[in-house]
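Structure first, commentary second.
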There are 2 protein chains.
Amino acid sequence: MIDELAVIIDSLVPGDFLPSEPKLANQLGVSRATLREAMRVFEGRGLIIRRQGVGTLVASPPQIIESGIETLESIESQARRIGLEVTMGDLGIKYRQPSSEELERFAMLNGLNVVEISRVIEAEDRPVAYLIDIMPEDLLPGETQGSDFRGSLLDLMIQRDHPAISHANSEVMAISAPPDVARQLNIQRGDVLLCLESWLFTQEGTVIDHTYSYFLPGTFRFHVLRRPAEG
Amino acid sequence: MIDELAVIIDSLVPGDFLPSEPKLANQLGVSRATLREAMRVFEGRGLIIRRQGVGTLVASPPQIIESGIETLESIESQARRIGLEVTMGDLGIKYRQPSSEELERFAMLNGLNVVEISRVIEAEDRPVAYLIDIMPEDLLPGETQGSDFRGSLLDLMIQRDHPAISHANSEVMAISAPPDVARQLNIQRGDVLLCLESWLFTQEGTVIDHTYSYFLPGTFRFHVLRRPAEG
DNA sequence: CAGTGGTCTAGACCACACG
DNA sequence: GTGTGGTCTAGACCACTGA
């Protein structure tokens with residue numbers, strides 16, 4: 001069945017709509033649930049786009065952002081390098097009390113809040129990443145004040161001299177999209193995401209930022225040089 | 001609903017069985033389909049194990065293999081470092097003609113076949129990874145001859161002097177398990193996997209191995225140091 | 001064999017987009 | 001309002017396990 005679906009998608013050109021799910025299920029002789037299961041595969045590869053209330057259409061092949069995973073670089077600047085335009089959705093800014101773990105990690109002064117900043121990155125009118133930064137409020141770059149900020153938080157932090165960024169320690173994970181992230185990225189919960197959880201270090205060795213980056217498959221390609229251990 | 005399920009799982013100790021799916025669905029007041037959707041989340045985190053014909057049980061917290069992703073090291077040797085015992089399932093060995101792309105990549109002599117080697121790695125009686133190596137047949141280490149080979153292919157290649165391994169170029173991906181891989185790892189298709197696709201280079205700069213490594217969430221933790229680009 | 005999880009079906013209702 | 005995808009339900013059959 002999945003092969004038949006592949007043929008149908010193949011026979012269409014980017015921008016074309018597939019028949020509606022009930023029709024297509026009928027046409028292929030399967031239930032809608034089974035059809036949707038199959039469509040997930042193609043959606044995961046970025047070949048089709050499903051939009052509630054609109055329909056399912058064949059996607060244009062995306063421009064791929066390729067980068068070494070060991071390079072700490074904002075999505076905006078990666079995109080700029082290949083001439084791809086990315087836009088940032090609305091900033092979600094939330095101040096809250098730090099957890100005890102955060103108090104320790106950030107070596108925060110008493111009484112300060114942490115600020116949690118979330119935003120969706122879009123390229124070619126599709127969400128491609130969802131970023132969350134958590135940091136002590138006094139370390140938030142001043143440029144971000146005002147809700148019209150549209151640049152890269154990471155770029156601001158790298159460019160400023162104080163505190164100076166040294167590196168990030170990141171963990172690489174494959175996860176199934178949690179409900180809140182799925183909603184933000186306009187995908188179904190359970191869809192596959194590549195996630196980097198990072199702690200940003202200053203040259204003094206203190207942690208000033210804790211981030212989660214969720215990447216949709218298709219637009220990003222991370223590579224890494226792996227070398228045998230010494231000895 | 002998912003929270004109620006979390007409480008139930010929390011209240012059990014590793015090794016305990018959950019009620020059967022129909023019973024549990026009834027108990028929680030949802031359909032079996034919905035329950036299964038929720039259970040996927042916990043299965044993805046390695047908290048529960050579902051076995052067809054047996055039941056669903058609460059998993060013991062796995063020992064976690066932690067490693068820098070930029071280190072080229074076999075799973076066996078990573079596991080040895082933390083005192084975890086891993087075993088290798090049966091080798092699948094298949095000889096076949098190289099594709100035109102492989103001919104070029106491997107700079108192969110005419111008439112040679114490539115050999116495709118696949119195996120499942122298990123730890124604590126659970127599959128944790130699925131590895132596939134594709135290489136020209138004349139480069140396959142002699143030790144692997146005979147179906148009772150149980151060691152690490154990568155270790156053999158790193159240890160031998162000719163050809164000497166320099167590094168691997170790997171791509172990091174999050175994928176939804178394809179049917180064949182899902183079957184091997186005893187998971188459901190659509191479950192989340194971290195995948196490394198690598199090309200192994202000799203010090204002469206030629207490619208001698210093409211590998212896919214699929215990692216189940218839970219047992220492995222990859223991290224990486226990310227540094228700002230120069231300038 | 002009985003009981004389990006794996007998969008599929010048919011049908012329903014909802015949230016959403018767009019005219 | 002109409003049609004779309006998103007989600008859920010109830011029920012069925014299959015494949016597998018272990019007694």
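In what follows, chains carry the letters A, B, and so on, assigned in the order in which the sequence lines appear, proteins first and then strands, with residues in each chain numbered from 1.
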Revision key, fill the gap. Sorted by chain and number, sequence neighbours left out, side-chain hydrogen bond (donor to acceptor under 3.5 Å, both in side chains) with B:Glu76 holds for none
Check your understanding: With distance as the sole criterion, is a donor-acceptor pair present between the side chains of B:Thr211 and B:Asp133 under 3.5 Å?
Key -> no
Check your understanding: Taking CZ from B:Arg36 and C1' from D:dC8, how many angstroms apart are they, rounded to a whole number?
Key -> 15 Å
Practice item. Round to a whole Å and report the spacing from CD of B:Glu37 to P of C:dC8. Key: 15 Å
Check your understanding: Quick one: does B:Asp16's side chain have a donor or acceptor within less than 3.5 Å of a partner on B:Val13's backbone?
Key -> yes
**Study point:** Salt bridge A:Arg50-A:Glu21, side-chain N to carboxylate O under 4.0 Å
**Key:** yes
Solution key, residues 51-73 of chain A side-chain donor-acceptor pairs under 3.5 Å, sequence neighbours excluded:
{"unit_1": "A:Glu73", "atom_1": "OE1", "unit_2": "A:Arg81", "atom_2": "NH1", "d": "2.7"}
{"unit_1": "A:Glu73", "atom_1": "OE2", "unit_2": "A:Ser77", "atom_2": "OG", "d": "2.7"}
{"unit_1": "A:Glu73", "atom_1": "OE2", "unit_2": "A:Arg81", "atom_2": "NH1", "d": "2.7"}

Exercise for review: Please state how far atom CZ in A:Phe17 lies from atom C1' in C:dC18, giving the value in whole angstrom units.
Suggested key: 11 Å
Review point. Mind checking what makes side-chain contact (heavy atoms from CB on, under 4.5 Å) contact with A:Leu140, not counting sequence neighbours?
Key: A:Tyr95, A:Val115, A:Ile117, A:Met135, A:Thr144, A:Gln145, A:Leu153
Review point. What is the distance, rounded to the nearest whole Å, between atom CG of B:Leu18 and atom P of C:dT4?
Key: 12 Å
Exercise for review: Return the value, rounded to whole Å, for the distance between atom CD of A:Glu21 and atom C1' of C:dA17.
Suggested key: 15 Å
Review point. Which residues satisfy the ring-ring contact (aromatic ring centres under 6.0 Å, His included) test with A:His223, sequence neighbours excluded?
Key: none
Exercise for review: Return the value, rounded to whole Å, for the distance between atom CG of B:Leu24 and atom P of C:dG3.
Suggested key: 18 Å
Practice item. Starting at atom CG of A:Leu57, determine the distance to atom C1' of D:dG3, rounded to an integer number of angstrom. Key: 16 Å
**Study point:** Where protein sits on nucleotides 14-19 of chain D, one letter per nucleotide: B base, S sugar-phosphate only, - none, heavy atoms under 4.0 Å
**Key:** -BBB--
Tabulate atom names and distances for all N/O pairs under 3.5 angstrom spanning the protein and nucleotides 9-11 of chain C.
{"unit_1": "C:dT9", "atom_1": "OP2", "unit_2": "A:Ser31", "atom_2": "N", "d": "2.7"}
{"unit_1": "C:dT9", "atom_1": "OP2", "unit_2": "A:Ser31", "atom_2": "OG", "d": "2.7"}
{"unit_1": "C:dT9", "atom_1": "OP2", "unit_2": "A:Thr34", "atom_2": "OG1", "d": "2.3"}

Check your understanding: Using a cut-off of less than 4.0 Å, is there contact between a side-chain N or O of B:Arg50 and OP1 or OP2 of C:dT4?
Key -> no
**Study point:** Evaluation steps, salt bridge (Lys or Arg N to Asp or Glu O under 4.0 Å), between A:Glu102 and A:Arg96
**Key:** CA-CA 11 Å; A:Glu102 285 163 347; A:Arg96 60 168 172 79; 3.0 Å; yes
Exercise for review: Determine, using ring centers only, whether A:Phe215 and A:Tyr130 are less than 6.0 Å apart.
Suggested key: no
